[in-house]
Amino acid sequence: MSDIERLMKEINKFRDDRNWRQYHNPKDLALSISIEAAELLEDFQWLSSEEAIARNKENIKEEIADVLIYSLMLCSELELDMGEIVREKIKKNGLKYPLE
């Protein structure tokens, strides 16, 4: 079992123990990813990268985790393999942006 699969099991157990699956349909998971990404942006608003990291590093870590958790949950809900779709996208980006 891969690290991602183990992580997914932990996330699903947390969700299922709280009976939250009913709220985790693809649309709402996609919305949640966007909301959490916006919260991540707030940590950087009006600050340089260096200032934002110095002031908000703990919250930045939490918001990144939220984005990743919701992304993994969406992949699970859509029966997508996270590793596979990321590798496919890297390959596609390599064709779109070849080395010169």
Check your understanding: Hey, any chance W46 and L41 share a hydrophobic cluster, counting ILVMFWY side chains that come within less than 4.5 Å of each other, even indirectly?
Key -> no
Practice item. Take Y70 and I35 through the side-chain contact (heavy atoms from CB on, under 4.5 Å) test and state the conclusion after the steps. Key: CA-CA 10 Å; Y70 282 123; I35 291 165; over 6 Å; no
Exercise for review: Please answer whether the main-chain N or O of S76 pairs with a side-chain N or O of E79 as donor and acceptor at a distance below 3.5 Å.
Suggested key: no
Practice item. In sequence, state the C-alpha distance, the side-chain angles, and the governing distance for N25 and D28, and then conclude on side-chain hydrogen bond (donor to acceptor under 3.5 Å, both in side chains). Key: CA-CA 6 Å; N25 60 72; D28 288 332; 2.8 Å; yes
Exercise for review: May I ask whether L95 and Y97 are part of the same hydrophobic cluster, defined by side-chain heavy atoms of I, L, V, M, F, W, Y residues being less than 4.5 angstrom apart, directly or through others?
Suggested key: no
Point to revise | Cluster check I53, L40: I/L/V/M/F/W/Y, side chain < 4.5 angstrom | key: yes
Review point. Would D3 and R6 count as a salt bridge (Lys or Arg N to Asp or Glu O under 4.0 Å) if you check the C-alpha gap in whole Å, the side-chain angles of each, and the deciding distance to 0.1 Å?
Key: CA-CA 5 Å; D3 287 342; R6 280 192 290 279; 2.5 Å; yes
Check your understanding: Can you name the ring-ring contact (aromatic ring centres under 6.0 Å, His included) partners of F14, sequence neighbours left out?
Key -> W20
Practice item. Check whether any side-chain heavy atom of F44 sits under 4.5 Å from a side-chain heavy atom of I60, and report yes or no. Key: yes
**Study point:** Heavy-atom side-chain proximity of C75 to M8 below 4.5 angstrom
**Key:** no
**Study point:** Inter- and intrachain pairs under salt bridge (charged side-chain N to carboxylate O under 4.0 Å, His left out), touching residues 56-78, at least two apart
**Key:** R21-E77, E58-K61
Point to revise | NE2 on H24 to CG on L74, rounded to 0.5 Å | key: 11.0 Å
Review point. Should Y23 and I33 be regarded as members of a common hydrophobic cluster, given that ILVMFWY residues are connected when their side-chain heavy atoms come within less than 4.5 Å of each other, either directly or indirectly?
Key: no
Check your understanding: For the atom pair CD (E10) and CD1 (I69), what is the distance rounded to the nearest 0.5 Å?
Key -> 10.0 Å
Revision key, fill the gap. Between the CG atom in L80 and the CD1 atom in I85, the distance rounded to the nearest 0.5 Å is 5.0 Å
Check your understanding: Would M82 and I64 show up in the same hydrophobic cluster when neighbours are defined by side-chain heavy atoms closer than 4.5 Å?
Key -> no
Study note, to complete from the structure: Rounded to the nearest 0.5 angstrom, the CD1-NZ distance for I90 and K92 is 13.5 Å
Exercise for review: Test S32 against M73 for side-chain contact (heavy atoms from CB on, under 4.5 Å), laying out the working first.
Suggested key: CA-CA 11 Å; S32 295; M73 292 174 80; over 6 Å; no
Practice item. Could you grab the distance from atom CD1 of I11 to atom CG of D16, nearest 0.5 Å is fine? Key: 11.5 Å
Review point. Is the backbone of E84 close enough, under 3.5 Å, to the side chain of D81 for a donor and an acceptor to pair up by distance?
Key: yes
